[in-house]
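Only heavy atoms go into these numbers, but all of them, side chains included; no hydrogens, no water, no symmetry mates.
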Amino acid sequence: MDRVMSLPYLETDRQVWLIAARLSNRFMREGYTVSVPDATIAAAAIRHDVPLYTLDNVFNRIPELKLYDPAS
C-alpha cells in the first residue's frame with residue numbers, strides 16, 4: 001500500500017472531464033472507440049502535463065499526450 005500511496009495524485013477536475021469528452025468525440029469521428037477510463041486517464045495526463053506510462057497502443061493515437069519512454 002505504501003507504494004501506491006507514494007504515487008502522485010492527479011486531480012480529476014472539470015477541465016479533465018472536458019478534455020476526456022473532446023478526446024472521446026474525436027475518436028468517434030475517426031471511427032475508433034475509447035473507453036471512458038482510458039479517455040479520463042489520457043485527459044488527466046494532458047491536463048497536468050505529465051507523461052503517461054502505458055503499454056496500451058490506444059494512447060499512441062493522441063498526439064497531445066506525452067508518453068513516458070523508459071529508455072530516456
Side-chain angles (χ1 to χ4, degrees):
M1 187 66 159
D2 289 338
R3 285 181 141 174
V4 171
M5 296 305 290
S6 70
L7 295 171
Y9 174 79
L10 301 179
E11 195 68 43
T12 308
D13 59 12
R14 183 179 191 81
Q15 189 65 31
V16 169
W17 290 111
L18 291 172
I19 295 168
R22 282 193 289 266
L23 289 173
S24 294
N25 193 357
R26 186 171 75 207
F27 269 76
M28 283 191 331
R29 283 193 322 268
E30 294 173 357
Y32 301 104
T33 58
V34 62
S35 70
V36 171
D38 282 352
T40 307
I41 289 167
I46 292 167
R47 165 83 167 99
H48 296 285
D49 195 31
V50 295
L52 177 65
Y53 181 80
T54 183
L55 300 176
D56 189 339
N57 290 332
V58 71
F59 294 104
N60 292 330
R61 297 179 190 271
I62 305 172
E64 60 267 47
L65 177 63
K66 296 178 195 170
L67 297 177
Y68 175 77
D69 180 7
S72 61

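Taken from CD1 in I19 to CZ in R14, the straight-line distance is 12.5 Å, to the nearest 0.5 Å. Note: Y9 OH to H48 NE2 = 8.5 Å, rounded to the nearest 0.5 Å. Distance check, rounded to the nearest 0.5 Å: CG of D38 to CD1 of I62 gives 8.0 Å.
Closest heavy-atom contact between A45 and L52: CB-CB, 4.3 Å. Taking both residues in full, the closest heavy atoms of A43 and A20 are given as CB-N, 3.5 Å, listed atom of the first, atom of the second, then distance. When every heavy atom of A42 is checked against every heavy atom of L23, the shortest pair comes out as CB-CD1, 3.9 Å. Minimum heavy-atom separation, V16 to T40: CG1-O, 4.0 Å.
Cluster annotation: L65 and V50 are assigned to distinct hydrophobic clusters (Ile/Leu/Val/Met/Phe/Trp/Tyr, side-chain heavy-atom contacts under 4.5 Å, transitive). The same ILVMFWY cluster, assembled from side-chain heavy atoms under 4.5 Å apart, contains both L67 and I46.
For Y53, the ring-ring contact (aromatic ring centres under 6.0 Å, His included) test picks out Y68, with sequence neighbours left out.
Contact check for R61 versus V34: no side-chain heavy atoms found under the 4.5 Å cut-off. Between L10 and R47, every side-chain heavy-atom pair lies at or beyond the 4.5 Å cut-off.
Ionic pairing of E64 and R26 is present here: one or more N-O contacts between side-chain nitrogen and carboxylate oxygen are shorter than 4.0 angstrom.
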